[in-house]
Each structure stands twice: as C-alpha cells, then as structure tokens.
S.K.: 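Before I ask anything, let me first share the structure, which is written out below as structure tokens.
Side chains included, hydrogens not; waters and symmetry mates left out as well; all remaining heavy atoms used.
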Amino acid sequence: MASAVSAAAPAGRPPATRRATPTWVWALPPVAVLALVFLYPLALVVQESLAPGAYAGVLASESFRDALVTTVWLAVASTAGCLVLGFALALVIAFVPFPGGRAVAKFIDVFLSFPSFLITLALLFLYGTVGMANGVWTDVTGDAAGPFRFLTTPWGVLLAEITYFTPFVMRPLLAAFSQLETAQLEVASSLGARPLRIVRQVILPEALPALAAGGSLVLVMCLNEFGIVLFTGAKGVTTLPMLVYGKAILESDYAAACVVAVVNVALSVGLYVLYRGVSRRAGA
C-alpha cells in the first residue's frame, strides 16, 4: 500500500492544491451590472450634451440662470428649515416623555417610505384653492374664495419640501440621541443648568455629526427634487429638474436637456464631495 502511494505521488513534488478564485473575478458581475444600468446611460447623457454649441447656448440663457438660482435657494432654505424643525421635534420625541412617543418615533421610519407627491397632494387638500382651509373660510365668511393661495408660489414649494424632508433629519438625530448618556444631562441639571443651556452645551455638540449627515442628505435631495415642484403647480418656479423636463419633453431639445442634467449631477456630486471632506476633518 505504501509503495502504491509513493508511486502515485513522486518524491519531491508537493501535493496538488486547488487554486482560489481571485477576488477581482467576484467583483466583475456587480461592476458589469452597475456599468450597464448606470454608467452607460450617464455616458450617453454626457455624450449628447457635447453637441456643438450646446453648453454655450444653455449656460448663456436666462432660463438656465433663473433655474439655477431658484434650485439653489430652495434647496438651501429647505435644508435650513428641516434642520431647525427636525432638531426641535427630535428633542421633544427623545427627551420629553408623552403618551405615544414611541409610536411617533416608529412613524418617522414609515414616513421615509412615502413618495414626495403624496405629501404634496395632502397639502393641496388642506391649503389648495379648493382645499379644506379655503372651504372653511368661505363657509364662515361667505366670501367667494379663500385667502390661502400660497401653494402655487415658491413658498408653497418650500413648505412642501420642509414637510417632506424633515424626517430625513430627524432619523439620524433620534439615533444619536438614543446613544447620549443621560448621566450627562442629570449632572448638568444638578449643577443648575437650565434646559436651553443643556441643549446648547451638552446635546447640540453630540448632535452635530447627525445634523451634518441629515442636512447634507436633504440638501442633495432638494437639489434633485422634481415631484413636489410639479404637483404644487407653482407658477414661475422652474428648478433644474423641471428645466430638464421642459427641454426634453415639451421642447424636444435633448442636447440642452442633457446639458442641464450634467450640470445638476455635477452640482450634486460636488456638494457630496464637499460634505465628505468637511466631515472627515471634523472627525464625523
């Protein structure tokens, strides 16, 4: 038996081992899917935007400049409103005991799955031209029309975006508050610190990374928001996504639409890179 084994395995040659599959082979399928689903369409958009004179014509147009300014100020104002309102609501839910507090916190997770146009429709039912608020006003006063007409203005878009995106700020804040040691709050309270001082000196520093994460997410999402602006029917409110829709669908000017889309993508990616750089320096 020993001689048979020695004959099968010649002396001085190590036993055959099975080679492991290189790790890059396993990365090929997801990279191929990503390239087909995302990179290839994006490359087509960039290629279409390189038509002769496309960038010069779009960037020099007044409609593009107005859309860019409107997009930026709406995104910044919505983000600021979401940060203030989200921080205040998260404080109440996390540190003020009230019946149903856990249910409200769970509802925040469910709210994140709602489509943006659903919230806009709800606001239209409440404050639209024929909404509930105007209906109550006309019933009480006898006027022919109610006074609530702000939903078709930039302020209506701002209200809808703050309403929809505030939970995206609250969610990371509630997670950060759940990890905050209550002993710090008790010590500060025992030393005579008032609630506002505790919030400013104890809670707010711990919440800054969560505020940065939620605020950056809301800012990028507001820059690319389309459904809210479309469903509010706001007159004169043209953002970059709405301009892409108008150029591509209404005017069939695909080169100009691709130029606006490339600028919108570059703006979003640039803000994300800036946020990552700031968060790394801050140690977030």
S.K.: Please verify the inter-ring angle class for Phe231 with Phe117; under 30° counts as parallel, over 60° as perpendicular, anything in between as tilted.
M.R.: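 Rings of Phe231 and Phe117: parallel, under 30°.
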S.K.: Does any non-hydrogen side-chain atom of Leu83 lie less than 4.5 Å from one of Val218?
M.R.: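 Val218 does not reach Leu83 side chain to side chain.
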S.K.: Angle between ring planes, Phe177 versus Phe87, binned at 30° and 60°: parallel, tilted or perpendicular?
M.R.: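 Correct class here is perpendicular.
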S.K.: Holding to side chain to side chain donor-acceptor pair (under 3.5 Å), I want the full list of residues that pass it with Ser116, two or more places apart in sequence or in another chain.
M.R.: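 Residues passing side chain to side chain donor-acceptor pair (under 3.5 Å) with Ser116: Glu225.
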S.K.: Between Ile249 and Leu230, is there shared hydrophobic-cluster membership here, with clusters defined by ILVMFWY side-chain heavy atoms closer than 4.5 Å?
M.R.: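 Same cluster.
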S.K.: Val262 and Tyr55: which non-hydrogen atoms are nearest, and at how many Å?
M.R.: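 It is CG1-OH, 3.4 Å.
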S.K.: Please find the pair of heavy atoms, one from Val244 and one from Ala261, that lie closest to each other, and give the distance.
M.R.: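 Heavy atoms only, the tightest pair is CG2-N, 3.8 Å.
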S.K.: Between Thr166 (side chain only) and Thr163 (backbone N and O only), is there a donor and an acceptor less than 3.5 Å apart?
M.R.: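 Pair absent, no side-chain N/O of Thr166 close to backbone of Thr163.
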S.K.: Check whether Val110 and Tyr164 end up in the same hydrophobic cluster, where Ile, Leu, Val, Met, Phe, Trp and Tyr are linked by side-chain heavy atoms less than 4.5 Å apart.
M.R.: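 As far as the 4.5 Å side-chain criterion goes, Tyr164 and Val110 are connected within one cluster.
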S.K.: Report yes if some heavy atom in the side chain of Val259 is under 4.5 Å from a heavy atom in the side chain of Phe64; otherwise report no.
M.R.: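 No - every pair of side-chain heavy atoms lies 4.5 Å or more apart.
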S.K.: Over all heavy atoms of both residues, which pair between Phe111 and Pro167 is shortest? Give the atoms and the distance, please.
M.R.: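 Closest pair (atom of Phe111, atom of Pro167, distance): CD2-CG, 3.1 Å.
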S.K.: Quick one, Thr232 and Thr152 - any side-chain contact, counting heavy atoms below 4.5 Å?
M.R.: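 Contact flag for Thr232/Thr152 side chains = no.
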S.K.: When you look at Ser268 and Asn224, which way does the side chain to side chain donor-acceptor pair (under 3.5 Å) test go after all the steps?
M.R.: CA-CA 8 Å; Ser268 300; Asn224 300 284; 3.1 Å; yes
S.K.: Who pairs with Asn134 by side chain to side chain contact (heavy atoms under 4.5 Å, CB included), at least two apart in sequence or on another chain?
M.R.: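 Here the qualifying residues are Pro147, Phe148.
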S.K.: Closest approach of Leu174 and Ala90, non-hydrogen atoms and distance?
M.R.: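 What the structure gives for the nearest pair is CD2-O, 3.8 Å.
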S.K.: Among residues at least two apart in sequence or on other chains, which ones pass side chain to side chain contact (heavy atoms under 4.5 Å, CB included) with Met221?
M.R.: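 Checked Met221 against side chain to side chain contact (heavy atoms under 4.5 Å, CB included); matches are Phe165, Phe168, Leu217.
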S.K.: Which atoms form the tightest heavy-atom contact between Arg65 and Ala60, and what is the distance?
M.R.: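 Smallest interatomic distance, heavy atoms only, reads NH1-O, 2.8 Å.
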S.K.: Could you measure the distance from the CG atom of Leu240 to the OG1 atom of Thr70? Nearest 0.5 Å is fine.
M.R.: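 If I round to the nearest 0.5 Å, the distance is 9.0 Å.
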S.K.: Nearest 0.5 Å please: distance from the CG atom of Leu204 over to the CG atom of Leu208.
M.R.: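 The CG atom of Leu208 is 5.0 Å from CG of Leu204, to the nearest 0.5 Å.
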S.K.: Are Val72 and Val58 connected, step by step, through hydrophobic side chains (Ile, Leu, Val, Met, Phe, Trp, Tyr) whose heavy atoms are closer than 4.5 Å?
M.R.: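 Yes: a chain of side-chain contacts under 4.5 Å links Val72 to Val58.
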S.K.: Rounded to the nearest 0.5 Å, what's the gap from CZ on Phe150 to CG on Leu158? Could you check?
M.R.: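 Going from CZ on Phe150 over to CG on Leu158, the span is 11.0 Å.
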S.K.: So, taking the atom named CD1 in Ile162 and the one named CD1 in Ile119, what distance separates them when rounded to the nearest 0.5 Å?
M.R.: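 Spacing of CD1 (Ile162) from CD1 (Ile119) equals 14.0 Å.
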S.K.: Just wondering, do Met132 and Phe125 contact through their side chains at under 4.5 Å, heavy atoms?
M.R.: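 Of all side-chain heavy-atom pairs linking Met132 with Phe125, none is under 4.5 Å.
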S.K.: From Phe107 CZ over to Ile93 CD1, what is the distance, rounded to the nearest 0.5 angstrom?
M.R.: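 It is 10.5 Å, given to the nearest 0.5 Å.
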S.K.: Please determine whether residues Val229 and Trp73 belong to a single hydrophobic cluster, defined as Ile, Leu, Val, Met, Phe, Trp and Tyr linked transitively by side-chain heavy-atom distances below 4.5 Å.
M.R.: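 Same cluster.
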S.K.: Should we say atom CZ of Phe114 is surrounded by more than 12 heavy atoms from elsewhere, each under 6.0 Å from it?
M.R.: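 More than 12 heavy atoms, drawn from other residues, nucleotides or ligands, come within 6.0 Å of this atom.
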S.K.: Output the distance between atom OG1 (Thr238) and atom CG (Leu243), rounded to the nearest 0.5 Å.
M.R.: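 One gets 7.0 Å once the value is rounded to the nearest 0.5 Å.
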S.K.: Find out if a path of hydrophobic residues (ILVMFWY) with successive side-chain heavy-atom gaps under 4.5 Å connects Val96 to Leu196.
M.R.: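 Not linked; separate clusters.
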S.K.: For a quick test of reading the model, state the closest non-hydrogen atom pair linking Pro172 to Ala210 and the distance between them.
M.R.: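 So the two residues come closest at O-CB, 3.6 Å.
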